[in-house]
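Residue numbers start at 1 and run along the sequence shown.
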Amino acid sequence: MRKIITNTFMTLDGVMQAPGGPDEDTDSGFEYGGWSVTQWDHIMNDAMIEAMKNPYDLLLGRVTYEIFAAHWPLLKDDPTADMFNRINKYVATDTLTNASWENTVLLNQDTIDQIKSLKSTDGIDLQVHGSSNLIQSLLQHGLIDQMNIWIYPLVIGKGKRLFGNGTVPSNFKLVSHAISTTGVIITSFEANGEIPIGSFAL
């Protein structure tokens, strides 16, 4: 069975919308696109290399896919671009009917059933980058095995959140963590069953 691993940049108040640039995702009038960019350092770079070192395919929502497809194929002599162009890109979408980026597979029927079938096959892990709407569906159906969450020391107050309405109560186990020189908390959690309930009352 393949693992589904999410990779998310998130503010202290849970916002994950448009970390990479002002025009990345302006849905609902979002004005703070690019909030993650100025806080990058060598620790974060090393963590990103570690998270992406093993072979994987991409599982993306439509918006993130279109952002990637408009950027990575245009870069030349770039190792990340070469890898993203080469690997399979699975896109969960209700609206996209064709795609020109090489090695793209559209999951545009019953996407959750298609993802479950994909996950059940033998093969390399499936990494989700961004894709806030897709993550909500994956959380609701208990399909996420590992969540890599980078928590930035700022709050925005509005925007698409990592854990939205409908998130199924779940337990996760912290498996790694680091802190950048800019105060970004770099965490990795694995799914760990249901929430254990206790009491401080004697």
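One distance of note links CG of Leu162 with CG of Leu139; it measures 6.5 Å at 0.5 Å rounding. Once rounded to the nearest 0.5 Å, the distance linking CG of Leu126 with OG1 of Thr121 reads 7.5 Å. Taken from NZ in Lys89 to CG in Leu106, the straight-line distance is 11.5 Å, to the nearest 0.5 Å. Between Thr80 atom OG1 and Leu75 atom CG the span is 9.0 Å, to the nearest 0.5 Å. The distance from the OG1 atom of Thr11 to the OH atom of Tyr32 is 12.0 Å, given to the nearest 0.5 Å. Here the CD1-OG1 distance, from Ile135 to Thr8, works out to 4.0 Å after rounding to the nearest 0.5 Å.
Side-chain heavy atoms closer than 4.5 Å link hydrophobic residues (I, L, V, M, F, W, Y) into clusters, and following such links, possibly through other members, connects Leu143 to Leu118. Ile5 and Ile115 sit in two unconnected hydrophobic clusters of ILVMFWY residues. Membership requires side-chain heavy atoms under 4.5 Å apart, directly or through other members. Under the 4.5 Å side-chain contact rule for hydrophobic residues, Ile186 and Met16 do not share a cluster. With hydrophobic clusters built from ILVMFWY side chains whose heavy atoms lie under 4.5 angstrom apart, Ile43 does not share a cluster with Val37. Taking hydrophobic clusters as Ile, Leu, Val, Met, Phe, Trp and Tyr residues chained together by side-chain heavy-atom distances below 4.5 Å, Tyr56 does not share a cluster with Leu107.
Residue Ile144 comes nearest to Met147 through the heavy atom pair CG2-CG, 3.5 Å, listed as atom of the first residue, atom of the second, then distance. Between Asn148 and Ala51, the shortest heavy-atom contact is ND2-CB, 4.4 Å. Shortest non-hydrogen contact noted between Ile124 and Pro55 is CB-O, 3.7 Å. Contact detail for Val168 and Ser170: the closest heavy-atom pair is O-OG, 3.0 Å. In terms of heavy atoms, Ala99 sits closest to Thr104 at CB-CG2, 3.6 Å. Nearest heavy-atom pair across Met83 and Met52 is CE-CE, 3.7 Å.
Within the structure, side chain to side chain donor-acceptor pair (under 3.5 Å) contacts touching residues 131-140 (residues at least two apart or in different chains) are Thr64-Ser131. Screening residues 39-54 for side chain to side chain donor-acceptor pair (under 3.5 Å) gives Asp41-Thr181, Glu50-Lys53 as the qualifying pairs, with residues at least two apart or on separate chains. Contacts classified as salt bridge (Lys or Arg N to Asp or Glu O under 4.0 Å) and involving residues 96-118 (residues at least two apart or in different chains) are not found. Sorted by first and then second residue, the ring pair (Phe, Tyr, Trp, His ring centres under 6.0 Å) pairs with a member in residues 99-127 read Tyr65-Trp101; sequence neighbours excluded. Pairs engaging residues 120-147 under the salt bridge (Lys or Arg N to Asp or Glu O under 4.0 Å) rule: Lys119-Asp145 [sequence neighbours left out]. Contacts classified as salt bridge (Lys or Arg N to Asp or Glu O under 4.0 Å) and involving residues 172-184 (residues at least two apart or in different chains) are not found. Among residues at least two apart or in separate chains, salt bridge (Lys or Arg N to Asp or Glu O under 4.0 Å) pairs with a member in residues 146-166 are Asp13-Arg161, Asp25-Lys160, Asp27-Lys160. Identified under the ring pair (Phe, Tyr, Trp, His ring centres under 6.0 Å) test for residues 151-181, with sequence neighbours left out: Phe9-Tyr152, Trp35-Tyr152.
A donor-acceptor pair under 3.5 Å links the side-chain atoms of Thr187 to the main chain of Ile149, judged by distance alone. In this structure a side-chain-to-backbone donor-acceptor pair under 3.5 Å is missing from Asp82 to Asp77. Between the side chain of Gln127 and the main chain of Asn7, no donor-acceptor pair closer than 3.5 Å is present. Of the possible donor and acceptor atoms, one in the side chain of Ser120 sits under 3.5 Å from a partner among the backbone N and O of Ser117. No side-chain donor-acceptor contact under 3.5 Å links Thr26 to the backbone of Gly29. Ser28 places no side-chain N or O within 3.5 Å of a backbone atom of Phe30 that could act as its donor or acceptor partner.
With sequence neighbours excluded, the residues forming a side-chain hydrogen bond (donor to acceptor under 3.5 Å, both in side chains) with Asp57 are Arg2, listed by chain and number. Shown here are the side chain to side chain contact (heavy atoms under 4.5 Å, CB included) partners of Leu12, two or more places apart in sequence or in another chain: Ile151, Val155. In terms of the side chain to side chain contact (heavy atoms under 4.5 Å, CB included) criterion, residue partners of Ile67 (sequence neighbours excluded) are, by chain and number, Glu24, Val63.
By the 4.5 Å heavy-atom criterion applied to side chains, Pro153 and Val184 are counted as neighbours.
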| field | side-chain contact (heavy atoms from CB on, under 4.5 Å) between Gln114 and Tyr90, intermediate numbers included | value | CA-CA 10 Å; Gln114 289 179 291; Tyr90 297 95; over 6 Å; no
| request: List the steps, then state whether side-chain contact (heavy atoms from CB on, under 4.5 Å) holds for Glu66 with Leu96. | output: CA-CA 10 Å; Glu66 290 181 337; Leu96 201 61; 3.7 Å; yes
Solution key, residues 189-202 side-chain donor-acceptor pairs under 3.5 Å, sequence neighbours excluded:
| unit_1 | atom_1 | unit_2 | atom_2 | d |
| --- | --- | --- | --- | --- |
| Ser199 | OG | Ala201 | N | 3.1 |

